[in-house]
Amino acid sequence: MSKIFNRLLHLDWMVFSIVVTLSILGILTIYSATRIPEYTVQGLFLPEGPGLKFFERQIIWLILGITVFFGILFVDYQWLKRLSLLFYVISVLLLVIVLVAGKKIMGASRWIDLGLFSFQPTDIFKVAFLITLAQYLHDLRTRLTAGVIFKIFLYFVILPVILILKQPDLGSAAIIFLAFLCILLLYGAESRFLKMAIIVSLISLPFLWPVFWEGLKDYQKKRIQAFLSEDIDPMGIGYHIKQSKIAIGSGGFFGKGYLRGTQGPLKFLPEKHTDFIFAVFTEEWGFFGAVIVLSLYLLYMLRGFDTARKARDDFGRILALGIVVLTGLYVFINIGMTLGLTPVVGIPLPFMSYGGSALLSNFIMAGILTNIRMRRFEIFH
């Protein structure tokens with residue numbers, strides 16, 4: 001009993017409070033975005049209809065996420081290092097299974113259906129990837145030369161990225177690749193290798209771009225074209241971007257008020273409870289609400305960097321850095337999508353977007369981050 005009390009005493013309540021607050025804000029926004037609006041005499045919207053389905057499911061996943069979060073705290077994160085290779089192999093096998101027997105939605109095979117619920121193997125893989133990469137770098141007894149970096153890329157990155165691209169999920173594949181580069185740079189890869197990689201990429205781009213372009217699906221090509229010019233696909237992805245900007249702009253400074261937004265519930269804005277949830281939230285809460293949400297993400301990442309700095313070993317430090325980098329990339333690209341600053345690649349907003357496996361994986365990473373911080377003063381046995 002004293003051990004449990006001691007764990008709770010050293011719990012990082014800041015991280016826990018941030019992720020729960022973001023999740024609750026997400027649930028409230030999902031509820032608002034997916035409701036069927038009906039006008040009352042006062043001109044207000046009455047929340048009802050199938051939106052409750054998404055709302056209730058997300059609450060269940062949140063409860064499960066909180067349960068897993070606390071469960072992780074009672075196991076030393078060093079066990080993750082010992083099981084890293086097993087986690088990685090299982091997650092890659094799931095990426096193979098989803099291509100063969102996955103549930104297809106809108107032409108994409110990204111979900112494994114288990115009857116009561118479905119999940120995305122990519123969400124499991126990103127956690128296993130961070131753990132495995134941290135373990136490998138921790139055990140590395142040599143400098144990060146170009147050869148070593150290339151070897152790590154071949155071992156842990158190229159196969160899963162190809163499998164994720166085949167789903168197809170260009171956004172997740174790009175984020176995993178970017179996270180890989182960022183972690184290596186933060187770990188201590190020499191800057192000359194980065195400069196060399198940039199130079200080689202720029203030189204090879206004219207030759208590789210046609211091959212890359214031909215490998216894209218038609219909708220992926222339209223997303224890139226719409227990013228360059230919204231008028232190229234005005235009734236498709238260009239429409240999504242315009243409606244997202246309208247929702248954000250119409251919120252003004254303090255927003256229209258909760259349950260008073262129109263872009264989501266009136267179906268002007270597609271993917272309102274997933275990819276574009278930030279636009280729906282900002283329409284109702286305005287610039288003020290957006291600043292609050294962005295501040296919460298910033299605090300989460302700053303806390304993560306501080307945890308990495310205070311970690312008791314390199315494994316914990318690299319793993320904490322990886323969690324912060326991956327979360328930061330998801331936040332940056334998702335919000336960039338809603339503002340038209342990045343291509344629309346189907347990336348959810350951590351903790352806020354609808355999606356059970358995504359929410360659960362984010363709580364697992366938050367739990368690992370808290371675990372690392374709690375045990376920063378412990379001595380190895």
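Please read all numbers here as calculations on a predicted model, not as lab measurements.
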So does Phe332 have more than 12 non-hydrogen atoms from other groups sitting under 6.0 Å from CZ?
-> no
Straight-line distance of Leu298 CG to Arg303 CZ, nearest 0.5 Å = 13.5 Å
Using atom types as modelled and distance alone, determine if a side-chain donor or acceptor of Thr342 lies under 3.5 Å from a backbone N or O of Ile333.
-> yes
If you group Ile, Leu, Val, Met, Phe, Trp and Tyr by side-chain heavy-atom gaps below 4.5 Å, do Leu341 and Met337 land in one group?
-> yes
Kindly assign one of parallel, tilted or perpendicular to the pair Phe153 and Phe180, based on the angle between their ring planes and the thresholds 30° and 60°.
-> tilted
Are more than 12 heavy atoms from other residues, nucleotides or ligands located less than 6.0 Å from atom OH of Tyr258?
-> yes
Heavy-atom side-chain contact between Lys245 and Leu339 under 4.5 Å | no
Rounded to the nearest 0.5 Å, what's the gap from CD on Gln135 to CG on Asp139? Could you check?
-> 4.5 Å
Side-chain H-bond candidate by donor/acceptor type, Glu284 with Ser32, under 3.5 Å | yes
Aromatic rings Phe54 and His273: how do their planes relate, parallel, tilted or perpendicular, breaks at 30° and 60°?
-> tilted
Can any side-chain N or O of Asp123 pair as donor or acceptor with the backbone N or O of Leu360 at less than 3.5 Å?
-> no
So, does Arg57 use its side chain to make a donor-acceptor pair with the main chain of Gly355 at under 3.5 Å?
-> no
Between Lys126 and Tyr330, is NZ or CZ placed under 6.0 angstrom from the six-membered ring centre and within 45° of the ring axis?
-> yes
Distance col, row Ile90:CD1 vs Leu85:CG, nearest 0.5 angstrom, shows 10.0 Å
Side-chain heavy atoms under 4.5 angstrom apart, residues restricted to Ile, Leu, Val, Met, Phe, Trp, Tyr: same cluster for Phe288 and Val291?
-> yes
Donor-acceptor pair, side chain of Ser357 and main chain of Gln120, under 3.5 angstrom | yes
Verify the ring-centre separation between Phe16 and Phe70: is it less than 6.0 angstrom?
-> yes
Any idea how Phe315 and His138 line up, ring-wise: parallel (<30°), tilted (30 to 60°), or perpendicular (>60°)?
-> perpendicular
Aromatic ring centroids of Tyr88 and Phe129 under 6.0 Å?
-> no
Could you tell me which non-hydrogen atom of Leu95 sits nearest to which non-hydrogen atom of Gln167, and how far apart they are?
-> CD2-NE2, 3.6 Å
Indicate if Val100 and Ile162 have the same hydrophobic cluster label, given that clusters are the connected sets of ILVMFWY residues with side-chain heavy-atom separations under 4.5 angstrom.
-> no
Correct closest heavy-atom pair for Val19 and Ala366 would be CG1-CB, 4.1 Å
Are any non-hydrogen side-chain atoms of Ile164 and Val161 less than 4.5 angstrom apart?
-> no
Can you see which heavy atom on Ile372 is nearest to which on Gly316, and at what distance?
-> CD1-O, 3.4 Å
Minimal heavy-atom distance between Ser17 and Thr21, with the atoms involved, is O-OG1, 2.7 Å
Below 4.0 angstrom, N of the basic side chain to O of the carboxylate: do Lys256 and Glu283 qualify?
-> yes
Any side-chain heavy-atom pair of Tyr300 and Ile323 under 4.5 Å | yes
Any chance the side chains of Asp275 and Tyr354 put a donor and an acceptor closer than 3.5 Å?
-> no
Would you confirm whether Asn371, through its side chain, and Val75, through its main-chain N or O, come within 3.5 Å as a donor-acceptor pair?
-> yes
Hey, does Asp314 have a side-chain heavy atom less than 4.5 Å from the side chain of Leu137?
-> no
Reported CE-to-CG distance for the pair Met301 and Leu369, which is rounded to 0.5 angstrom | 12.0 Å
Take Phe351 and Phe363 through the ring-ring contact (aromatic ring centres under 6.0 Å, His included) test and state the conclusion after the steps.
-> CA-CA 8 Å; Phe351 300 105; Phe363 265 93; 5.6 Å; yes
Nearest non-hydrogen partners of Ser84 and Ile131, listed with the distance = CB-CG2, 3.7 Å
Say whether, by atom type as modelled, one donor and one acceptor occur between the side chain of Ser172 and the main chain of Asp169 under 3.5 angstrom.
-> no
In Å, rounded to the nearest 0.5 Å, how long is the span from CD1 of Ile66 to CG of Leu359?
-> 9.0 Å
For the side chain of Asp306 and the backbone of Leu302, is there at least one donor-acceptor N/O pair under 3.5 Å apart?
-> no
Heavy-atom check, side chain of Val325 versus side chain of Leu329, under 4.5 Å | yes
Can you tell me if Gln58 uses its side chain to pair, donor with acceptor, with the backbone of Ser353 under 3.5 Å?
-> yes
Same cluster (ILVMFWY, side-chain, under 4.5 Å), Ile124 and Leu86 | yes
Can you name the closest pair of heavy atoms from Ala279 and Ile248 and give their distance?
-> CA-CG1, 3.8 Å
